[in-house]
Student: 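Let me begin by handing over the structure; questions about it come next.
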There are 2 protein chains.
Amino acid sequence: MFSKACEHAIKAMIYIATQSLENKRVKIGDVAKHTGSPEAYTAKIMGTLNKQGIVSSLTGPYGGFEINAKMMKQIKVSDIVFAIDGDSVYNGCGLGLNECSEEKPCPIHNEFVKVRSELKTMLETTSVFDLATKLQSGEVTLVR
Amino acid sequence: MFSKACEHAIKAMIYIATQSLENKRVKIGDVAKHTGSPEAYTAKIMGTLNKQGIVSSLTGPYGGFEINAKMMKQIKVSDIVFAIDGDSVYNGCGLGLNECSEEKPCPIHNEFVKVRSELKTMLETTSVFDLATKLQSGEVTLVR
DNA sequence: TTTTATTCGGATAAAATTGTCATAAATAAA
DNA sequence: TTTATTTATGACAATTTTATCCGAATAAAA
Ligand code: FES
Ligand code: FES
């Protein structure tokens, strides 16, 4: 569904958000530990997210990653997915044709667009804040 | 969403089905040409589908692949996806946790299972025959 | 029975993705 | 200003996925 990189990204964002809610900036090693993701790879992914402006970072002692409280309500999971996997999830053809087209669709197009659209809506209506509060409450987990 | 191999598999099955509806057995080169997939790779994939019993093959002159007319109504897209990609599409965690669990779910679980379930239902209710007749009618395409 | 056409299957290769490492750049504290 | 700590980044490595190649097996036709 999503790439490994994208899964790492979503988990990292959620964990960082929980810490930001407690005004704690987090180091990449801490992120890796709490998400079960490889540290160096996650660091690279965070670089991409930082460039796209959906996470803030600070180098040096007392540095790390953080997400502004206002931002984490605006940032939707769809933004993370788009930043890492691009728009293929939202617009790509289910059978891998180079373009999804209404005029000359692939055989599964009509069935596929419904599901794809619901996935998109789901991602667009779920904010990082929503997921971070769930994690804070302890009802969900990032590792297994 | 699906692996490349799975996309090749679905397209191949649909094309073979259209030919079987006209009582024509098709060679792998013909399949590759009409699906835009690499021939040798498709051949290997067909081997898997053949072992799983969702396509029939015959070696030698006048050999090739075919799908029994009764079977192509019974075979659903879900069967092809399962044969190639396994059950991760139906049961895998959206964040890549080693298991999707209701007891200790990941943060997106509740949102994700809905979409995943609709995808599953969609695949389970779409038969190879349905898609083959669409292709025969010329309203859809396998290549672009 | 021999020839020919085809799938089957294992070895190999190429490409993409995932992951690591080392060094540079930045920044805060001493 | 120097030092310690942390992110940033590009090169490299490992793994997985995708794709190719070729000889063996099979079966129809000549
Ligand atoms: S053309 Fe394939 S999903 Fe739209
Ligand atoms: S636990 Fe992640 S989708 Fe169910």
Side-chain angles (χ1 to χ4, degrees), chain A residues 1-13 16 19-20 24-33 35-67 81 83-86 88-89 92 95-96 98, chain B residues 1-13 16 19-20 24-33 35-67 81 83-86 88-89 92 95-96 98:
Chain A
M1 184 73 70
F2 309 125
S3 68
K4 247 3 177 163
C6 191
E7 293 172 356
H8 296 327
I10 297 170
K11 288 192 275 191
M13 288 291 290
I16 293 167
Q19 299 311 103
S20 290
K24 291 179 191 160
R25 203 174 278 146
V26 291
K27 298 186 241 314
I28 192 64
D30 202 32
V31 173
K33 186 157 62 184
T35 56
S37 302
E39 180 174 325
Y41 194 30
T42 304
K44 177 151 300 184
I45 293 163
M46 293 314 297
T48 303
L49 296 180
N50 184 44
K51 267 191 211 155
Q52 310 260 345
I54 69 185
V55 74
S56 309
S57 71
L58 218 66
T59 59
Y62 281 74
F65 297 91
E66 66 188 342
I67 306 172
V81 172
I84 304 296
D85 285 350
S88 67
V89 179
L95 291 186
N98 61 26
Chain B
M1 184 74 67
F2 308 124
S3 69
K4 265 311 179 193
C6 191
E7 293 173 356
H8 296 326
I10 296 170
K11 287 193 275 191
M13 287 291 289
I16 293 168
Q19 299 310 104
S20 289
K24 292 179 191 160
R25 202 174 279 146
V26 291
K27 299 185 241 315
I28 192 65
D30 201 33
V31 173
K33 187 158 62 184
T35 56
S37 302
E39 181 173 326
Y41 194 30
T42 304
K44 178 147 297 186
I45 293 162
M46 294 313 298
T48 302
L49 296 180
N50 185 42
K51 265 191 213 157
Q52 310 258 349
I54 69 185
V55 74
S56 309
S57 71
L58 217 66
T59 59
Y62 280 74
F65 296 91
E66 65 188 341
I67 305 172
V81 172
I84 303 298
D85 285 350
S88 66
V89 180
L95 291 186
N98 61 27

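Naming: A, B, ... by sequence-line order, numbering from 1 per chain.
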Student: Any side-chain hydrogen bond (donor to acceptor under 3.5 Å, both in side chains) involving residues 43-55 of chain B? Give me the pairs, sequence neighbours left out, ordered by first then second residue.
Tutor: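 Applying side-chain hydrogen bond (donor to acceptor under 3.5 Å, both in side chains) to every pair that reaches into residues 43-55 of chain B, excluding sequence neighbours, yields B:N50-B:S57.
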
Student: Listing time: all N or O pairs from protein to nucleotides 5-7 of chain C that are below 3.5 Å?
Tutor:
from  : atom 1 : to    : atom 2 : distance (Å)
C:dT6 : OP1    : B:K27 : NZ     : 2.8
C:dT6 : O4'    : B:G60 : O      : 3.3
C:dT6 : O2     : B:G60 : N      : 3.3
C:dT7 : OP1    : B:I28 : N      : 2.8
C:dT7 : O3'    : B:S57 : OG     : 3.4

Student: The criterion is ring-ring contact (aromatic ring centres under 6.0 Å, His included); which residues satisfy it with B:Y62, sequence neighbours excluded?
Tutor: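 Here no residue qualifies.
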
Student: Atom CD of A:E7 to atom P of C:dT17: distance rounded to whole Å?
Tutor: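 In whole Å, C:dT17 P and A:E7 CD are 14 Å from each other.
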
Student: For A:Q19, which residues count as a side chain to side chain donor-acceptor pair (under 3.5 Å) partner, sequence neighbours excluded?
Tutor: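 So A:Q19 forms no side chain to side chain donor-acceptor pair (under 3.5 Å) with any residue.
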
Student: Distance check needed: D:dA8 P versus A:Q52 CD, whole Å only.
Tutor: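 Checked: the CD to P distance equals 14 Å.
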
Student: List the residues meeting side chain to side chain donor-acceptor pair (under 3.5 Å) with A:D85, not counting sequence neighbours, and say none if there are none.
Tutor: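 Counting only residues at least two positions away or on another chain, A:D85 forms a side chain to side chain donor-acceptor pair (under 3.5 Å) with A:S3.
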
Student: Applying side chain to side chain donor-acceptor pair (under 3.5 Å), name anything that partners A:T42, two or more places apart in sequence or on another chain.
Tutor: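 A:T42 satisfies side chain to side chain donor-acceptor pair (under 3.5 Å) with no residue once adjacent residues are dropped.
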
Student: For residues B:L49 and B:A9, report the shortest heavy-atom separation together with the two atoms involved.
Tutor: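 Heavy-atom minimum between the residues: CD1-CB, 4.0 Å.
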
Student: What is the distance, to the nearest angstrom, from the CG atom on A:D30 to the P atom on D:dT5?
Tutor: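 Between P of D:dT5 and CG of A:D30: 16 Å.
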
Student: Please collect all salt bridge (Lys or Arg N to Asp or Glu O under 4.0 Å) contacts where either partner lies in residues 55-66 of chain B, sequence neighbours excluded, each pair once.
Tutor: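 Applying salt bridge (Lys or Arg N to Asp or Glu O under 4.0 Å) to every pair that reaches into residues 55-66 of chain B, excluding sequence neighbours, yields B:R25-B:E66.
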
Student: Would you kindly give the NZ-to-P distance between A:K11 and C:dT18, to the nearest whole Å?
Tutor: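 Computing the A:K11:NZ to C:dT18:P distance gives 13 Å.
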
Student: Polar atom pairs between nucleotides 16-20 of chain D and protein, under 3.5 Å, N or O only, would you list them?
Tutor:
from   : atom 1 : to    : atom 2 : distance (Å)
D:dT18 : OP1    : B:K4  : N      : 2.9
D:dA19 : OP2    : B:H8  : NE2    : 2.7
D:dT20 : O4     : B:K44 : NZ     : 3.4

Student: Please enumerate all residues that pass salt bridge (charged side-chain N to carboxylate O under 4.0 Å, His left out) together with A:K24, with sequence neighbours excluded.
Tutor: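 Once residues adjacent in sequence are excluded, the partners of A:K24 under the salt bridge (charged side-chain N to carboxylate O under 4.0 Å, His left out) criterion are A:E22.
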
Student: Whole angstroms only, please: what is the NZ-C1' distance between A:K51 and D:dG10?
Tutor: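 It works out to 11 Å between those atoms.
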
